[in-house]
Amino acid sequence: MKAFALFLGIALLLGSAPLTAISTAQPACAPTAPDMEGPFYKAGAPMRESTGRGFVVSGTVKSAGSCGHLAGARVEWWQASPKGNYDDEHRGSMLTRNDGTYRFETDFPPPYSGRPSHIHFKVFAPGHRTLTTQLYPKAGQKDIVFDLVIARE
């Protein structure tokens, strides 16, 4: 009986170590799903924090796997104007802050030609694959948090 109790005690001690390590580890981040670039992308969008008014988009750019925040990542966005046309006034880019965050204000993107409201994004960071994706806000939203998780090369 003593041998069994000793065996059980050792098994419990050894068995709990990996569980403790797992529970304190930072969770892995799955990459943001890519989405189509569309025909209206133009490289070199101007650096700015506003491309309109009334709809605020913010989030954090993270590295897949580690969930580490990526400072200095370039976030580009482009969208249709309130009239449903793509124009240079609704293109912008910015670099993420030291904590990986970004924030910009824009016009709420209208649906057009059977497409739902959406904003296109492209994210660039050294050592990571470029991500092209889209955000699909719901009618009536005034702000949204849209984290962007990019895969390492």
Side-chain angles (χ1 to χ4, degrees), residues 14-153:
L14 292 175
S16 66
L19 294 176
T20 303
I22 290 169
S23 66
T24 59
Q26 191 172 20
C29 290
T32 300
D35 203 337
M36 67 179 170
E37 182 175 273
F40 302 108
Y41 175 70
K42 287 185 189 177
M47 299 290 281
R48 54 178 150 195
E49 295 181 7
S50 176
T51 54
R53 297 189 62 179
F55 184 58
V56 175
V57 180
S58 63
T60 304
V61 176
K62 300 175 185 179
S63 181
S66 72
C67 291
H69 299 163
L70 295 174
R74 182 179 171 98
V75 176
E76 290 187 14
W77 69 94
W78 65 101
Q79 70 184 75
S81 73
K83 294 180 181 180
N85 301 314
Y86 283 82
D87 59 24
D88 289 338
E89 288 75 39
H90 290 87
R91 299 176 198 288
S93 67
M94 63 178 32
L95 298 178
T96 58
R97 299 176 189 104
N98 287 340
D99 61 357
T101 60
Y102 72 94
R103 180 190 183 281
F104 65 90
E105 185 173 6
T106 191
D107 296 314
F108 191 88
Y112 66 88
S113 303
R115 297 247 16 240
S117 297
H118 63 281
I119 300 174
H120 297 266
F121 282 81
K122 197 175 265 283
V123 184
F124 308 86
H128 291 77
R129 286 187 239 144
T130 299
L131 168 68
T132 302
T133 194
Q134 294 182 39
L135 166 65
Y136 297 93
K138 300 203 182 320
Q141 281 186 289
K142 299 287 183 199
D143 57 68
I144 193 167
V145 174
F146 187 52
D147 290 344
L148 298 158
V149 181
I150 57 179
R152 295 195 64 81
E153 291 182 330

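What's counted below: heavy atoms across the whole structure, side chains too, no hydrogens, waters or symmetry copies.
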Listing request: all ring pair (Phe, Tyr, Trp, His ring centres under 6.0 Å) pairs with a residue in residues 97-117, at least two apart in sequence or in separate chains. F55-F108, W77-F104, Y86-Y112, Y112-H118

Please examine the side chains of T96 and V75, heavy atoms only from C-beta on, and report whether any two atoms are closer than 4.5 Å. yes

Can you find a heavy atom in the side chain of H90 that is under 4.5 Å from one in the side chain of P109? no

To the nearest 0.5 Å, atom OG of S117 lies from atom CG of L135 at 10.0 Å

Identify the heavy atoms of A125 and L70 that sit nearest to each other, and give their distance. CB-CD1, 4.2 Å

Can you tell me how far the CZ atom of R103 sits from the CG atom of D143, to the nearest 0.5 Å? 8.5 Å

Mind listing the closest non-hydrogen atom pair of T60 and D99 along with its distance? CG2-O, 3.9 Å

Should the pair K62-D147 be classified as a salt bridge under the 4.0 Å nitrogen-to-oxygen rule? yes

Side chain to side chain contact (heavy atoms under 4.5 Å, CB included), that's the test. Do Q134 and M36 meet it? Break it down for me. CA-CA 7 Å; Q134 294 182 39; M36 67 179 170; 3.2 Å; yes

Side-chain donor/acceptor of T133 to backbone N/O of A33, under 3.5 Å: yes

Is the side chain of S63 donor-acceptor paired with the backbone N or O of C67 at a distance under 3.5 Å, no angle test? no

Donor-acceptor pair, side chain of S50 and main chain of G52, under 3.5 angstrom: yes

With no hydrogens and no angle check, is any side-chain donor or acceptor of E37 less than 3.5 Å from a backbone partner on H120? no

I want to check something: taking the side chain as every heavy atom from C-beta on, are T106 and I119 in contact at a cut-off of under 4.5 Å? yes

Out of curiosity, T132 OG1 to K122 NZ, how far, rounded to the nearest 0.5 Å? 3.0 Å

Not counting sequence neighbours, list each pair that qualifies as a ring pair (Phe, Tyr, Trp, His ring centres under 6.0 Å) and has a residue in residues 121-145. F121-F146

L131 and its side-chain contact (heavy atoms from CB on, under 4.5 Å) partner, picked from V61, L148, V149: L148

Just how far is it from atom CZ of R53 to atom CG of D107, taken to the nearest 0.5 Å? 9.5 Å

Distance-only side-chain donor-acceptor flag, T51 / E89, under 3.5 Å: no

Give a yes or no on whether N98 atom CG has more than 12 heavy-atom contacts from other residues, nucleotides or ligands under 6.0 Å away. no

Only distances under 3.5 Å count here; give the side-chain donor-acceptor pairs of residues 39-49 to other protein atoms, sequence neighbours excluded, each with its distance to 0.1 Å.
residue, atom, partner, partner atom, Å
Y41, OH, E76, OE1, 2.9
K42, NZ, D88, OD1, 3.1
R48, NE, R91, O, 2.8
R48, NH2, D88, O, 2.7
R48, NH2, R91, O, 2.7

